[in-house]
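Note that the structure is predicted; figures quoted are calculated from it, not measured. Numbered from 1 within each chain, the chains take letters A, B, ... in sequence-line order.
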There are 2 protein chains.
Amino acid sequence: MSQGGTLMLPEHNDSLLELCRPVRRILARVGDKWSVMIVMALKGGPRRFNDIKRAIGTISQRMLTLTLKSMERDGSVKRTVYPTKPPRVDYELTALGHSLREPVERLSLWAIEHEAAITKAQSRFDALDPQG
Amino acid sequence: MSQGGTLMLPEHNDSLLELCRPVRRILARVGDKWSVMIVMALKGGPRRFNDIKRAIGTISQRMLTLTLKSMERDGSVKRTVYPTKPPRVDYELTALGHSLREPVERLSLWAIEHEAAITKAQSRFDALDPQG
DNA sequence: CTGCATCCAGCGCGATACTG
DNA sequence: CAGTATCGCGCTGGATGCAG
């Protein structure tokens with residue numbers, strides 16, 4: 001679905017807020033500190049653990065492991081172990097993971113487009129409301 | 001921008017990950033526990049503080065205040081005080097706030113569409129990996 | 001190379017009580 | 001009705017060390 005034009009969410013009644021729970025669950029995943037970076041890093045195809053780690057640069061090993069595992073649990077990342085020596089583990093987006101890319105990139109574009117406006121609004125706000 | 005078809009984010013090189021920082025900042029906002037629910041609640045027009053609170057139902061007064069304030073700071077919510085007695089305060093989405101609705105709803109639709117698949121993937125994963 | 005366990009600091013957020 | 005202040009718990013996430 002989500003064909004061409006209009007979006008089909010209901011108006012602001014309370015049943016809408018019921019819908020928000022799964023949405024929130026997902027957004028919490030996507031909005032956590034690293035998921036989006038990982039989606040981006042895996043955009044071009046399979047990558048190895050330390051390759052991803054280097055690409056992101058500032059992520060700790062712990063958080064990379066944890067985030068990858070929860071994304072694997074969600075079914076958006078596939079983990080493949082090659083029993084070589086030393087071991088090699090590849091991660092890649094599943095179909096579900098790739099389908100997530102589009103809305104995520106849309107939100108990313110929004111963020112990039114409006115970053116300046118937001119920063120400016122914040123400065124203005126902080127000027128009027130010194131440490132409020 | 002974000003005209004019709006394809007998205008224009010760069011491929012998975014490292015400069016992309018630079019872009020991720022502002023994106024992450026925004027997603028952290030959007031992905032926090034309440035922002036989306038508030039965007040949804042304000043979708044139809046201005047609402048009063050306790051009206052929003054009732055609509056969401058489970059939000060604490062503290063978090064509603066804090067989230068509204070940070071959204072106001074971001075420039076996505078406008079706060080209007082009517083000096084009546086008792087006081088009345090309306091909150092509404094600004095143009096920026098409304099522009100956020102579209103990508104947020106897109107992600108919401110994704111979440112709704114794929115919730116079942118995700119839940120199923122999680123069950124399957126948990127079955128294979130008992131409390132791992 | 002990959003990835004788990006442990007320890008620990010910080011803050012997100014809810015509960016509660018109080019003000020104009 | 002709208003908003004602030006305080007307290008406390010639990011989770012997030014970084015650092016470090018160990019193991020296959």
- request: Go through the steps for Arg48(A) and Ile52(A) under the test side-chain contact (heavy atoms from CB on, under 4.5 Å), then give the verdict.
  value: CA-CA 6 Å; Arg48(A) 305 184 54 172; Ile52(A) 303 170; over 6 Å; no
Whole-Å distance between [N] [atom2] and [X] [atom1]?
X        : N       : atom1 : atom2 : answer
Arg47(A) : dT2(C)  : CZ    : P     : 12 Å
Leu64(A) : dA15(D) : CG    : P     : 14 Å
Leu68(A) : dT2(C)  : CG    : P     : 11 Å
Lys85(A) : dC1(C)  : NZ    : C1'   : 13 Å
Asn50(B) : dA2(D)  : CG    : P     : 5 Å
Tyr82(B) : dA2(D)  : OH    : P     : 12 Å

- line: Protein heavy-atom contacts under 4.0 Å, written 5' to 3' over nucleotides 13-20 of chain C as B (base), S (sugar-phosphate only) or - (none), form the string BBB-B--B
task: Look at the side-chain N and O atoms of Lys53(B) and state whether any lies under 4.0 Å from the OP1 or OP2 oxygen of dC1(D).
output: no
message: With a 4.0 Å cutoff (strictly under), does any side-chain N or O of Arg48(B) reach OP1 or OP2 of dC1(D)?
response: no
Salt bridge (charged side-chain N to carboxylate O under 4.0 Å, His left out) involving Arg79(A) - partner list, sequence neighbours excluded: none
field: Arg29(B): salt bridge (charged side-chain N to carboxylate O under 4.0 Å, His left out) partners, not counting sequence neighbours
entry: Asp32(B), Asp74(B)
field: Note: Arg88(A)-Asp90(A) ion pair, threshold 4.0 Å (strictly below)
entry: yes
query: Please walk me through it: do Arg101(B) and Lys43(B) pass side-chain contact (heavy atoms from CB on, under 4.5 Å)?
result: CA-CA 8 Å; Arg101(B) 260 180 49 210; Lys43(B) 181 182 174 174; 3.6 Å; yes
message: Categorize Tyr91(B) for me: base, sugar-phosphate, or nothing, with a 4.0 angstrom heavy-atom threshold over every strand shown.
response: sugar-phosphate
- prompt: Has the side chain of Ser108(B) got a donor or acceptor atom that lies under 3.5 Å from a matching backbone atom of Val23(A)?
  reply: no
